[in-house]
Protein chains: 2
Amino acid sequence: MLNEKSLSVSQDCNECPIRHRAVCARCESDELERLEEIKYYRKFEAGQTVIWSGDRMEFVGSVVSGIATLTQTMEDGRTQMVGLLLPSDFVGRPGRPSAAYDVVATTDLVMCCFRKTPFEEMMVRTPHIAQRLLEMTLDELDAAREWMLVLGRKTAREKIASLLSIIARRDASINMRDVGDRLTFDLPLTREAMADYLGLTLETVSRQVSALRKEGVIELEGKRHVTIPDMGRLLEEAGDDADGGVFA
Amino acid sequence: MLNEKSLSVSQDCNECPIRHRAVCARCESDELERLEEIKYYRKFEAGQTVIWSGDRMEFVGSVVSGIATLTQTMEDGRTQMVGLLLPSDFVGRPGRPSAAYDVVATTDLVMCCFRKTPFEEMMVRTPHIAQRLLEMTLDELDAAREWMLVLGRKTAREKIASLLSIIARRDASINMRDVGDRLTFDLPLTREAMADYLGLTLETVSRQVSALRKEGVIELEGKRHVTIPDMGRLLEEAGDDADGGVFA
DNA sequence: ACAAGACTTTGACGCAGATCAAGATTTGGA
DNA sequence: TCCAAATCTTGATCTGCGTCAAAGTCTTGT
(Lines give C-alpha, C1' and ligand atoms only; values in the text may rest on other atoms or scores of the structure.)
Protein backbone atom coordinates (compact mmCIF):
# COMPACT_ATOMS: atom_id res chain seq x y z
CA MET A 1 0.00 0.00 0.00
CA LEU A 2 1.20 3.46 0.79
CA ASN A 3 4.87 3.10 1.35
CA GLU A 4 7.93 3.42 -0.72
CA LYS A 5 9.09 -0.14 -0.63
CA SER A 6 6.03 -1.33 -2.50
CA LEU A 7 6.61 1.22 -5.23
CA SER A 8 10.10 0.43 -6.34
CA VAL A 9 9.44 -1.52 -9.49
CA SER A 10 12.49 -1.89 -11.63
CA GLN A 11 12.14 -0.40 -15.07
CA ASP A 12 12.72 -3.54 -17.08
CA CYS A 13 9.83 -5.46 -15.62
CA ASN A 14 6.84 -3.32 -14.80
CA GLU A 15 4.45 -4.91 -17.17
CA CYS A 16 3.59 -7.51 -14.59
CA PRO A 17 4.83 -6.49 -11.16
CA ILE A 18 3.96 -9.67 -9.31
CA ARG A 19 6.10 -11.68 -11.65
CA HIS A 20 9.03 -9.40 -11.10
CA ARG A 21 8.68 -8.77 -7.43
CA ALA A 22 7.57 -12.08 -6.07
CA VAL A 23 9.21 -14.49 -8.42
CA CYS A 24 11.69 -13.40 -11.08
CA ALA A 25 14.80 -12.86 -9.07
CA ARG A 26 14.85 -16.12 -7.22
CA CYS A 27 12.80 -18.85 -8.81
CA GLU A 28 13.27 -21.74 -11.18
CA SER A 29 12.30 -21.44 -14.79
CA ASP A 30 9.59 -24.08 -14.63
CA GLU A 31 7.87 -22.11 -11.90
CA LEU A 32 7.96 -19.07 -14.14
CA GLU A 33 6.35 -21.12 -16.87
CA ARG A 34 3.62 -22.26 -14.55
CA LEU A 35 2.97 -18.66 -13.58
CA GLU A 36 2.71 -17.76 -17.27
CA GLU A 37 0.09 -20.46 -17.77
CA ILE A 38 -2.29 -19.06 -15.17
CA LYS A 39 -1.68 -15.40 -15.93
CA TYR A 40 -4.12 -13.09 -17.69
CA TYR A 41 -4.86 -9.38 -17.89
CA ARG A 42 -8.03 -7.49 -17.06
CA LYS A 43 -8.96 -3.92 -17.84
CA PHE A 44 -11.39 -1.78 -15.89
CA GLU A 45 -12.80 1.67 -16.57
CA ALA A 46 -12.63 4.56 -14.14
CA GLY A 47 -15.43 4.17 -11.61
CA GLN A 48 -15.89 0.47 -12.20
CA THR A 49 -16.01 -1.87 -9.21
CA VAL A 50 -13.32 -4.53 -9.55
CA ILE A 51 -14.45 -6.67 -6.62
CA TRP A 52 -17.43 -6.49 -4.26
CA SER A 53 -16.85 -7.13 -0.58
CA GLY A 54 -18.00 -10.64 0.28
CA ASP A 55 -17.71 -11.90 -3.29
CA ARG A 56 -15.97 -15.14 -3.99
CA MET A 57 -12.49 -14.23 -5.27
CA GLU A 58 -11.34 -16.16 -8.30
CA PHE A 59 -8.03 -14.40 -8.76
CA VAL A 60 -5.15 -12.67 -7.08
CA GLY A 61 -2.96 -10.20 -8.92
CA SER A 62 -1.37 -6.83 -9.01
CA VAL A 63 -1.94 -3.39 -10.45
CA VAL A 64 -0.09 -2.74 -13.72
CA SER A 65 -1.36 0.78 -14.34
CA GLY A 66 -4.00 3.06 -12.88
CA ILE A 67 -5.25 3.52 -9.35
CA ALA A 68 -7.81 1.64 -7.29
CA THR A 69 -9.14 2.04 -3.76
CA LEU A 70 -10.13 -0.41 -1.04
CA THR A 71 -13.24 0.75 0.79
CA GLN A 72 -15.59 -0.40 3.50
CA THR A 73 -19.16 0.80 3.74
CA MET A 74 -21.67 0.78 6.59
CA GLU A 75 -25.35 0.04 5.97
CA ASP A 76 -26.24 3.71 6.27
CA GLY A 77 -23.75 4.61 3.55
CA ARG A 78 -20.84 5.97 5.56
CA THR A 79 -17.69 4.81 3.80
CA GLN A 80 -14.05 4.60 4.79
CA MET A 81 -11.20 4.00 2.39
CA VAL A 82 -8.81 1.48 3.92
CA GLY A 83 -6.19 1.33 1.21
CA LEU A 84 -4.96 2.89 -1.98
CA LEU A 85 -3.69 0.55 -4.72
CA LEU A 86 -0.95 1.89 -6.95
CA PRO A 87 0.98 0.22 -9.77
CA SER A 88 2.83 -2.85 -8.44
CA ASP A 89 0.55 -3.26 -5.41
CA PHE A 90 -0.80 -6.73 -4.77
CA VAL A 91 -4.50 -7.54 -4.54
CA GLY A 92 -5.89 -10.69 -3.01
CA ARG A 93 -5.96 -12.82 0.06
CA PRO A 94 -4.25 -16.16 -0.55
CA GLY A 95 -5.98 -18.79 1.55
CA ARG A 96 -9.22 -16.80 1.89
CA PRO A 97 -12.29 -17.62 -0.15
CA SER A 98 -13.83 -14.15 -0.35
CA ALA A 99 -13.00 -10.48 -0.56
CA ALA A 100 -13.17 -8.34 2.58
CA TYR A 101 -13.51 -4.93 0.92
CA ASP A 102 -14.81 -3.30 -2.20
CA VAL A 103 -12.10 -2.61 -4.75
CA VAL A 104 -12.96 0.28 -7.05
CA ALA A 105 -10.98 1.64 -10.00
CA THR A 106 -10.62 5.42 -9.65
CA THR A 107 -8.85 5.74 -12.98
CA ASP A 108 -8.72 3.37 -15.93
CA LEU A 109 -7.01 0.31 -14.54
CA VAL A 110 -5.05 -2.68 -15.83
CA MET A 111 -4.61 -5.65 -13.53
CA CYS A 112 -2.31 -8.62 -14.01
CA CYS A 113 -4.24 -11.56 -12.58
CA PHE A 114 -3.48 -15.18 -11.68
CA ARG A 115 -6.15 -17.79 -11.16
CA LYS A 116 -6.38 -18.16 -7.43
CA THR A 117 -6.32 -21.90 -6.83
CA PRO A 118 -3.31 -22.67 -9.04
CA PHE A 119 -1.53 -19.66 -7.59
CA GLU A 120 -2.10 -20.98 -4.06
CA GLU A 121 -0.89 -24.42 -5.10
CA MET A 122 2.27 -22.90 -6.49
CA MET A 123 2.76 -20.93 -3.30
CA VAL A 124 2.89 -24.17 -1.35
CA ARG A 125 5.65 -25.48 -3.61
CA THR A 126 7.70 -22.29 -3.79
CA PRO A 127 8.44 -20.96 -0.31
CA HIS A 128 9.98 -17.68 -1.40
CA ILE A 129 6.68 -16.59 -2.91
CA ALA A 130 5.01 -17.07 0.46
CA GLN A 131 7.87 -15.19 2.08
CA ARG A 132 7.66 -12.33 -0.39
CA LEU A 133 3.92 -12.09 0.19
CA LEU A 134 4.50 -12.08 3.95
CA GLU A 135 6.87 -9.13 3.56
CA MET A 136 4.37 -7.27 1.40
CA THR A 137 1.57 -7.97 3.87
CA LEU A 138 3.71 -6.71 6.76
CA ASP A 139 4.31 -3.51 4.77
CA GLU A 140 0.58 -3.12 4.30
CA LEU A 141 -0.03 -3.75 7.99
CA ASP A 142 2.48 -1.04 8.91
CA ALA A 143 0.82 1.37 6.49
CA ALA A 144 -2.65 0.54 7.88
CA ARG A 145 -1.45 1.17 11.44
CA GLU A 146 0.23 4.42 10.42
CA TRP A 147 -3.10 5.43 9.04
CA MET A 148 -4.86 4.56 12.32
CA LEU A 149 -2.77 7.29 13.98
CA VAL A 150 -3.77 9.73 11.25
CA LEU A 151 -7.47 8.85 11.57
CA GLY A 152 -7.60 8.74 15.34
CA ARG A 153 -5.41 11.61 16.45
CA LYS A 154 -4.67 14.14 13.72
CA THR A 155 -6.56 17.35 12.95
CA ALA A 156 -8.13 17.96 9.54
CA ARG A 157 -5.16 20.11 8.46
CA GLU A 158 -2.66 17.48 9.57
CA LYS A 159 -4.64 14.78 7.80
CA ILE A 160 -4.52 16.65 4.50
CA ALA A 161 -0.81 17.35 4.89
CA SER A 162 -0.20 13.67 5.69
CA LEU A 163 -2.03 12.50 2.58
CA LEU A 164 -0.28 15.02 0.34
CA SER A 165 3.14 14.08 1.68
CA ILE A 166 2.50 10.38 1.12
CA ILE A 167 1.32 10.93 -2.44
CA ALA A 168 4.26 13.26 -3.12
CA ARG A 169 6.79 10.73 -1.83
CA ARG A 170 5.22 7.93 -3.82
CA ASP A 171 5.30 10.04 -6.91
CA ALA A 172 8.92 11.12 -6.36
CA SER A 173 9.83 7.49 -5.85
CA ILE A 174 8.16 6.33 -9.07
CA ASN A 175 9.73 9.13 -11.08
CA MET A 176 13.06 8.72 -9.31
CA ARG A 177 13.33 12.28 -8.09
CA ASP A 178 14.89 13.45 -4.86
CA VAL A 179 12.42 14.20 -2.08
CA GLY A 180 14.50 17.30 -1.26
CA ASP A 181 13.49 18.77 -4.63
CA ARG A 182 10.56 20.93 -5.46
CA LEU A 183 7.95 18.25 -6.12
CA THR A 184 5.07 18.38 -8.56
CA PHE A 185 2.32 15.86 -9.21
CA ASP A 186 -1.33 15.37 -10.14
CA LEU A 187 -3.71 14.38 -7.38
CA PRO A 188 -5.19 11.02 -8.34
CA LEU A 189 -8.20 11.48 -6.05
CA THR A 190 -11.30 13.66 -6.01
CA ARG A 191 -11.98 15.76 -2.91
CA GLU A 192 -14.63 13.23 -1.97
CA ALA A 193 -12.20 10.31 -2.23
CA MET A 194 -9.69 12.24 -0.12
CA ALA A 195 -12.43 12.79 2.45
CA ASP A 196 -13.26 9.08 2.49
CA TYR A 197 -9.62 8.28 3.06
CA LEU A 198 -9.19 10.83 5.83
CA GLY A 199 -12.45 10.39 7.71
CA LEU A 200 -13.58 13.94 6.82
CA THR A 201 -16.25 15.55 4.66
CA LEU A 202 -15.43 16.82 1.20
CA GLU A 203 -16.15 20.41 2.31
CA THR A 204 -13.56 20.21 5.07
CA VAL A 205 -11.03 18.77 2.62
CA SER A 206 -11.66 21.64 0.23
CA ARG A 207 -11.32 24.24 2.98
CA GLN A 208 -8.08 22.83 4.33
CA VAL A 209 -6.54 22.49 0.87
CA SER A 210 -7.42 26.15 0.23
CA ALA A 211 -5.90 27.15 3.58
CA LEU A 212 -2.63 25.33 2.85
CA ARG A 213 -2.53 27.02 -0.55
CA LYS A 214 -3.13 30.50 0.90
CA GLU A 215 -0.34 29.98 3.41
CA GLY A 216 2.11 28.85 0.74
CA VAL A 217 2.57 25.30 2.03
CA ILE A 218 1.39 24.00 -1.34
CA GLU A 219 0.80 25.56 -4.76
CA LEU A 220 -2.11 24.63 -7.02
CA GLU A 221 -2.63 24.90 -10.78
CA GLY A 222 -6.21 24.03 -11.54
CA LYS A 223 -7.75 21.75 -8.96
CA ARG A 224 -5.54 18.74 -9.21
CA HIS A 225 -2.00 19.78 -10.09
CA VAL A 226 0.02 20.27 -6.90
CA THR A 227 3.50 21.63 -6.24
CA ILE A 228 5.28 21.20 -2.91
CA PRO A 229 7.87 23.97 -2.61
CA ASP A 230 9.21 22.73 0.74
CA MET A 231 8.72 19.13 1.77
CA GLY A 232 10.05 19.77 5.28
CA ARG A 233 7.37 22.38 5.83
CA LEU A 234 4.65 20.01 4.64
CA LEU A 235 5.88 17.26 6.97
CA GLU A 236 5.79 19.71 9.87
CA GLU A 237 2.19 20.50 9.02
CA ALA A 238 1.51 16.77 8.96
CA GLY A 239 2.78 16.43 12.52
CA ASP A 240 5.66 14.18 11.41
CA ASP A 241 9.18 15.25 12.16
CA ALA A 242 10.90 16.80 9.19
CA ASP A 243 13.20 13.89 8.40
CA GLY A 244 10.22 11.89 7.26
CA GLY A 245 9.06 10.15 10.38
CA VAL A 246 7.88 6.60 10.05
CA PHE A 247 7.54 6.78 6.31
CA ALA A 248 11.24 7.47 5.85
CA MET B 1 -5.27 -9.07 16.74
CA LEU B 2 -8.89 -8.43 17.46
CA ASN B 3 -10.73 -11.21 15.78
CA GLU B 4 -12.00 -14.57 16.75
CA LYS B 5 -9.81 -16.71 14.58
CA SER B 6 -6.69 -15.58 16.40
CA LEU B 7 -8.24 -16.46 19.74
CA SER B 8 -9.17 -20.08 19.26
CA VAL B 9 -6.34 -21.80 21.04
CA SER B 10 -7.07 -25.40 21.74
CA GLN B 11 -7.01 -26.28 25.39
CA ASP B 12 -4.28 -28.86 25.31
CA CYS B 13 -1.61 -26.53 24.02
CA ASN B 14 -1.99 -22.99 25.27
CA GLU B 15 1.23 -22.83 27.16
CA CYS B 16 3.03 -21.79 24.01
CA PRO B 17 0.59 -20.75 21.31
CA ILE B 18 3.06 -20.26 18.49
CA ARG B 19 4.18 -23.84 18.80
CA HIS B 20 0.66 -25.08 18.61
CA ARG B 21 -0.71 -22.75 15.99
CA ALA B 22 2.17 -22.38 13.57
CA VAL B 23 3.84 -25.71 13.83
CA CYS B 24 2.40 -28.61 15.81
CA ALA B 25 -0.23 -29.87 13.50
CA ARG B 26 1.84 -30.15 10.36
CA CYS B 27 5.55 -30.28 10.96
CA GLU B 28 8.28 -32.83 11.37
CA SER B 29 9.57 -33.72 14.79
CA ASP B 30 13.08 -32.42 14.18
CA GLU B 31 11.65 -28.99 13.40
CA LEU B 32 9.80 -29.09 16.68
CA GLU B 33 13.06 -29.88 18.43
CA ARG B 34 14.78 -26.94 16.77
CA LEU B 35 11.96 -24.68 17.92
CA GLU B 36 12.42 -25.99 21.46
CA GLU B 37 16.10 -25.10 21.34
CA ILE B 38 15.51 -21.43 20.61
CA LYS B 39 12.49 -21.01 22.85
CA TYR B 40 12.46 -19.13 26.14
CA TYR B 41 9.93 -17.33 28.35
CA ARG B 42 9.87 -13.73 29.53
CA LYS B 43 7.71 -12.13 32.18
CA PHE B 44 6.74 -8.49 32.35
CA GLU B 45 4.93 -6.50 35.00
CA ALA B 46 1.82 -4.43 34.39
CA GLY B 47 2.85 -1.07 32.95
CA GLN B 48 6.24 -2.28 31.74
CA THR B 49 7.31 -1.52 28.18
CA VAL B 50 8.10 -4.76 26.38
CA ILE B 51 9.56 -3.16 23.24
CA TRP B 52 10.31 0.44 22.27
CA SER B 53 9.45 1.55 18.77
CA GLY B 54 12.62 1.66 16.68
CA ASP B 55 14.52 -0.75 18.92
CA ARG B 56 16.39 -3.61 17.41
CA MET B 57 14.20 -6.71 17.86
CA GLU B 58 16.03 -9.79 19.04
CA PHE B 59 13.01 -12.05 19.33
CA VAL B 60 9.62 -12.92 17.93
CA GLY B 61 7.02 -14.70 20.01
CA SER B 62 3.51 -14.85 21.29
CA VAL B 63 1.48 -13.92 24.32
CA VAL B 64 0.93 -16.77 26.78
CA SER B 65 -1.03 -14.85 29.40
CA GLY B 66 -1.89 -11.23 30.10
CA ILE B 67 -2.59 -8.33 27.78
CA ALA B 68 -0.36 -5.92 25.91
CA THR B 69 -1.01 -3.00 23.60
CA LEU B 70 0.68 -1.72 20.47
CA THR B 71 0.85 2.07 20.43
CA GLN B 72 2.21 4.89 18.32
CA THR B 73 3.02 8.30 19.78
CA MET B 74 3.51 11.69 18.15
CA GLU B 75 6.19 14.10 19.40
CA ASP B 76 3.61 16.21 21.20
CA GLY B 77 2.37 13.20 23.14
CA ARG B 78 -0.80 12.30 21.28
CA THR B 79 -1.00 8.51 21.25
CA GLN B 80 -2.99 6.00 19.24
CA MET B 81 -3.29 2.35 20.10
CA VAL B 82 -2.95 0.30 16.90
CA GLY B 83 -3.42 -3.18 18.30
CA LEU B 84 -4.39 -5.18 21.35
CA LEU B 85 -2.39 -8.33 22.06
CA LEU B 86 -4.25 -11.16 23.73
CA PRO B 87 -3.14 -14.66 24.67
CA SER B 88 -2.05 -16.56 21.53
CA ASP B 89 -1.38 -13.38 19.51
CA PHE B 90 1.90 -13.20 17.67
CA VAL B 91 4.45 -10.41 18.17
CA GLY B 92 7.25 -9.67 15.78
CA ARG B 93 8.15 -8.83 12.24
CA PRO B 94 10.09 -11.65 10.61
CA GLY B 95 12.53 -10.15 8.14
CA ARG B 96 12.50 -6.69 9.76
CA PRO B 97 15.35 -5.51 11.94
CA SER B 98 13.45 -3.18 14.26
CA ALA B 99 10.12 -2.67 15.99
CA ALA B 100 7.59 -0.25 14.47
CA TYR B 101 5.51 0.38 17.61
CA ASP B 102 5.79 0.47 21.37
CA VAL B 103 4.55 -2.71 23.01
CA VAL B 104 3.36 -2.15 26.58
CA ALA B 105 2.08 -4.72 29.06
CA THR B 106 -1.22 -3.52 30.54
CA THR B 107 -1.44 -6.46 32.91
CA ASP B 108 1.24 -8.83 34.12
CA LEU B 109 2.38 -10.60 30.98
CA VAL B 110 4.10 -13.83 30.00
CA MET B 111 5.58 -14.09 26.52
CA CYS B 112 6.87 -17.19 24.77
CA CYS B 113 9.84 -15.98 22.72
CA PHE B 114 12.05 -17.39 19.99
CA ARG B 115 15.41 -15.92 19.08
CA LYS B 116 14.76 -14.03 15.90
CA THR B 117 17.58 -15.09 13.57
CA PRO B 118 17.24 -18.84 14.10
CA PHE B 119 13.46 -18.49 13.85
CA GLU B 120 13.82 -16.77 10.49
CA GLU B 121 16.24 -19.43 9.30
CA MET B 122 13.78 -22.10 10.25
CA MET B 123 11.02 -20.24 8.43
CA VAL B 124 13.01 -20.53 5.22
CA ARG B 125 13.25 -24.29 5.62
CA THR B 126 9.66 -24.92 6.71
CA PRO B 127 7.22 -23.34 4.27
CA HIS B 128 4.09 -23.97 6.30
CA ILE B 129 5.39 -21.70 9.07
CA ALA B 130 5.69 -18.85 6.57
CA GLN B 131 2.22 -19.69 5.30
CA ARG B 132 0.76 -19.76 8.80
CA LEU B 133 2.37 -16.40 9.54
CA LEU B 134 0.97 -15.03 6.30
CA GLU B 135 -2.52 -16.10 7.38
CA MET B 136 -2.06 -14.52 10.79
CA THR B 137 -0.76 -11.31 9.26
CA LEU B 138 -3.72 -11.17 6.88
CA ASP B 139 -6.00 -11.53 9.92
CA GLU B 140 -4.24 -8.63 11.58
CA LEU B 141 -4.50 -6.55 8.43
CA ASP B 142 -8.25 -7.21 8.27
CA ALA B 143 -8.59 -6.22 11.92
CA ALA B 144 -6.53 -3.05 11.39
CA ARG B 145 -8.69 -2.06 8.43
CA GLU B 146 -11.87 -2.80 10.36
CA TRP B 147 -10.56 -0.45 12.97
CA MET B 148 -9.91 2.25 10.37
CA LEU B 149 -13.66 2.31 9.71
CA VAL B 150 -14.31 2.63 13.44
CA LEU B 151 -11.78 5.46 13.83
CA GLY B 152 -12.74 7.34 10.70
CA ARG B 153 -16.50 7.09 10.55
CA LYS B 154 -18.14 6.03 13.81
CA THR B 155 -19.54 8.26 16.56
CA ALA B 156 -18.21 8.10 20.12
CA ARG B 157 -21.12 5.91 21.21
CA GLU B 158 -20.63 3.54 18.29
CA LYS B 159 -16.92 3.37 19.01
CA ILE B 160 -17.52 2.33 22.62
CA ALA B 161 -20.10 -0.24 21.58
CA SER B 162 -17.71 -1.60 18.93
CA LEU B 163 -14.91 -2.02 21.46
CA LEU B 164 -17.16 -3.65 24.04
CA SER B 165 -18.58 -6.08 21.50
CA ILE B 166 -15.12 -7.11 20.33
CA ILE B 167 -13.90 -7.70 23.88
CA ALA B 168 -17.09 -9.57 24.73
CA ARG B 169 -16.76 -11.85 21.71
CA ARG B 170 -13.12 -12.53 22.40
CA ASP B 171 -13.94 -13.35 25.99
CA ALA B 172 -16.83 -15.61 25.05
CA SER B 173 -14.56 -17.37 22.58
CA ILE B 174 -11.80 -17.99 25.14
CA ASN B 175 -14.26 -19.24 27.74
CA MET B 176 -16.22 -21.20 25.12
CA ARG B 177 -19.53 -19.60 25.80
CA ASP B 178 -22.24 -18.91 23.27
CA VAL B 179 -22.38 -15.34 22.02
CA GLY B 180 -26.19 -15.54 22.29
CA ASP B 181 -25.85 -15.87 26.05
CA ARG B 182 -25.81 -13.15 28.65
CA LEU B 183 -22.11 -12.30 28.62
CA THR B 184 -20.01 -11.12 31.52
CA PHE B 185 -16.36 -10.06 31.60
CA ASP B 186 -13.81 -7.73 33.18
CA LEU B 187 -12.61 -4.81 31.08
CA PRO B 188 -8.87 -5.26 30.63
CA LEU B 189 -8.36 -1.57 29.83
CA THR B 190 -8.51 1.70 31.76
CA ARG B 191 -10.75 4.47 30.44
CA GLU B 192 -7.65 6.18 29.18
CA ALA B 193 -6.47 3.10 27.28
CA MET B 194 -9.94 2.75 25.75
CA ALA B 195 -9.72 6.41 24.70
CA ASP B 196 -6.32 5.81 23.10
CA TYR B 197 -7.74 2.88 21.19
CA LEU B 198 -10.82 4.76 20.02
CA GLY B 199 -9.29 8.15 19.21
CA LEU B 200 -11.32 9.84 21.97
CA THR B 201 -10.63 11.52 25.32
CA LEU B 202 -11.07 9.61 28.55
CA GLU B 203 -13.91 11.95 29.59
CA THR B 204 -15.88 11.12 26.47
CA VAL B 205 -15.32 7.40 27.07
CA SER B 206 -16.58 7.73 30.63
CA ARG B 207 -19.66 9.67 29.55
CA GLN B 208 -20.59 7.21 26.79
CA VAL B 209 -20.09 4.19 29.04
CA SER B 210 -22.39 5.83 31.60
CA ALA B 211 -24.95 6.57 28.90
CA LEU B 212 -24.97 2.95 27.67
CA ARG B 213 -25.39 1.79 31.28
CA LYS B 214 -28.30 4.17 31.96
CA GLU B 215 -30.05 2.96 28.82
CA GLY B 216 -29.60 -0.69 29.77
CA VAL B 217 -27.38 -1.65 26.85
CA ILE B 218 -24.74 -2.77 29.34
CA GLU B 219 -24.68 -3.39 33.08
CA LEU B 220 -21.78 -2.47 35.35
CA GLU B 221 -20.61 -3.75 38.72
CA GLY B 222 -17.84 -1.50 39.93
CA LYS B 223 -15.99 0.19 37.12
CA ARG B 224 -14.63 -2.72 35.24
CA HIS B 225 -17.03 -5.67 35.47
CA VAL B 226 -19.39 -5.58 32.50
CA THR B 227 -22.48 -7.61 31.62
CA ILE B 228 -24.03 -7.61 28.16
CA PRO B 229 -27.69 -8.59 28.51
CA ASP B 230 -28.37 -8.50 24.77
CA MET B 231 -25.54 -8.85 22.30
CA GLY B 232 -27.77 -8.00 19.33
CA ARG B 233 -28.65 -4.69 20.94
CA LEU B 234 -24.99 -3.87 21.53
CA LEU B 235 -24.11 -4.67 17.92
CA GLU B 236 -26.88 -2.38 16.74
CA GLU B 237 -25.41 0.39 18.85
CA ALA B 238 -22.03 -0.35 17.27
CA GLY B 239 -23.48 0.23 13.83
CA ASP B 240 -22.86 -3.38 12.78
CA ASP B 241 -25.77 -5.47 11.68
CA ALA B 242 -27.03 -7.73 14.41
CA ASP B 243 -25.66 -10.99 12.99
CA GLY B 244 -22.20 -9.78 13.80
CA GLY B 245 -21.11 -7.99 10.68
CA VAL B 246 -17.55 -8.39 9.57
CA PHE B 247 -16.39 -9.84 12.85
CA ALA B 248 -18.74 -12.80 12.56
C1' DA C 1 -19.34 25.81 -29.14
C1' DC C 2 -22.58 24.91 -25.93
C1' DA C 3 -25.26 22.59 -22.62
C1' DA C 4 -25.47 19.31 -18.87
C1' DG C 5 -23.47 17.06 -15.44
C1' DA C 6 -19.59 16.35 -12.31
C1' DC C 7 -16.60 18.39 -9.30
C1' DT C 8 -15.09 22.22 -6.23
C1' DT C 9 -15.34 26.34 -3.37
C1' DT C 10 -17.20 29.26 0.06
C1' DG C 11 -20.45 30.91 3.59
C1' DA C 12 -23.58 30.47 7.70
C1' DC C 13 -24.76 27.85 11.42
C1' DG C 14 -25.11 23.88 14.76
C1' DC C 15 -23.44 20.16 17.43
C1' DA C 16 -20.42 16.23 18.99
C1' DG C 17 -16.74 15.80 21.36
C1' DA C 18 -12.57 18.39 23.41
C1' DT C 19 -11.05 21.06 27.19
C1' DC C 20 -10.98 22.76 31.79
C1' DA C 21 -12.33 21.96 36.43
C1' DA C 22 -13.95 19.77 40.64
C1' DG C 23 -15.10 15.82 43.21
C1' DA C 24 -15.98 10.90 44.02
C1' DT C 25 -14.41 6.22 44.19
C1' DT C 26 -11.08 2.64 44.12
C1' DT C 27 -6.50 0.77 44.87
C1' DG C 28 -2.29 -0.15 47.03
C1' DG C 29 1.45 0.56 50.14
C1' DA C 30 3.16 1.50 54.86
C1' DT D 1 -6.33 0.42 58.82
C1' DC D 2 -5.56 4.60 56.84
C1' DC D 3 -3.54 7.83 53.68
C1' DA D 4 -1.99 9.00 49.09
C1' DA D 5 -2.14 8.18 44.43
C1' DA D 6 -4.54 6.49 40.68
C1' DT D 7 -8.70 6.07 38.39
C1' DC D 8 -13.23 7.48 37.22
C1' DT D 9 -17.42 10.57 36.96
C1' DT D 10 -19.84 14.64 36.08
C1' DG D 11 -20.51 19.54 34.96
C1' DA D 12 -19.67 23.89 32.27
C1' DT D 13 -17.90 25.83 28.37
C1' DC D 14 -15.50 26.05 23.95
C1' DT D 15 -14.35 24.83 19.20
C1' DG D 16 -13.32 22.11 15.04
C1' DC D 17 -15.63 19.98 11.91
C1' DG D 18 -20.14 18.53 10.01
C1' DT D 19 -24.39 20.02 7.74
C1' DC D 20 -26.99 22.67 4.68
C1' DA D 21 -27.04 25.84 0.94
C1' DA D 22 -25.63 28.30 -3.13
C1' DA D 23 -22.66 29.54 -6.55
C1' DG D 24 -18.44 28.80 -9.30
C1' DT D 25 -15.50 25.93 -12.45
C1' DC D 26 -14.11 22.22 -14.92
C1' DT D 27 -15.25 18.08 -18.26
C1' DT D 28 -17.58 15.66 -21.78
C1' DG D 29 -20.52 14.56 -25.40
C1' DT D 30 -23.03 16.18 -29.33
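Throughout, a chain's letter reflects where its sequence line sits, starting with A, and its residues are numbered from 1. Only heavy atoms go into these numbers, but all of them, side chains included; no hydrogens, no water, no symmetry mates.
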Can a side-chain donor-acceptor contact be found between D102(B) and S53(B) if the only test is distance below 3.5 angstrom?
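No, no side-chain donor-acceptor contact under 3.5 Å.
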To the nearest Å, give me how far apart [atom1] ([X]) and [atom2] ([N]) are.
X       : N       : atom1 : atom2 : result
R157(A) : dT15(D) : CZ    : P     : 18 Å
E45(A)  : dT28(D) : CD    : P     : 13 Å
L200(B) : dA18(C) : CG    : C1'   : 10 Å
I160(A) : dG16(D) : CD1   : P     : 16 Å
Q208(A) : dT8(C)  : CD    : P     : 16 Å
K154(B) : dC17(D) : NZ    : C1'   : 21 Å
L198(A) : dG16(D) : CG    : C1'   : 15 Å
R191(B) : dA24(C) : CZ    : P     : 19 Å

Under 4.0 Å: is that the gap between some side-chain N or O of [X] and OP1 or OP2 of [N]?
X       : N       : result
T204(B) : dA18(C) : yes
S210(A) : dT10(C) : yes
T190(A) : dC7(C)  : no
R224(B) : dC8(D)  : yes

Identify whether any heavy atom of G47(B) sits under 4.0 Å from a base atom; if not, whether one sits that close to sugar-phosphate; answer base, sugar-phosphate or nothing.
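No contact at all - G47(B) keeps every heavy atom at 4.0 Å or more from the nucleic acid.
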With a 4.0 Å cut-off on heavy atoms, is L202(A) in touch with a base, just the backbone sugar-phosphate, or nothing at all?
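Base contact.
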Relative to the 5' end of DNA chain D, which residue comes earlier, G199(A) or K223(B), by the nucleotide with the nearest heavy atom?
K223(B)
Please compare E192(B) and R207(A) by the position of their nearest nucleotide in DNA chain D and report the one closer to 5'.
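Closer to the 5' end of DNA chain D: E192(B).
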Would you sort out whether L85(A) and L70(A) count as a side chain to side chain contact (heavy atoms under 4.5 Å, CB included), showing the intermediate values?
CA-CA 7 Å; L85(A) 294 171; L70(A) 302 181; 3.9 Å; yes
Need to verify one output field. Residue with the more 5' nearest nucleotide on DNA chain C, G222(A) or A156(B)?
G222(A)
For S206(A) and for R153(A), find the nucleotide of DNA chain C with the closest heavy atom, then tell me which residue's nucleotide is more 5'.
S206(A)
Looking at dT10(D), dT19(D), dC17(D), which one has an atom nearest to any side-chain atom of E203(A)?
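Among the listed nucleotides, the one closest to the side chain of E203(A) is dT19(D).
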Please determine whether a side-chain nitrogen of the Lys or Arg among R145(B) and E140(B) lies less than 4.0 Å from a carboxylate oxygen of the Asp or Glu.
no
So does E45(A) have more than 12 non-hydrogen atoms from other groups sitting under 6.0 Å from CD?
no
Where do T184(B) and T227(B) land on the side-chain hydrogen bond (donor to acceptor under 3.5 Å, both in side chains) test, with the steps shown first?
CA-CA 4 Å; T184(B) 264; T227(B) 300; 2.9 Å; yes
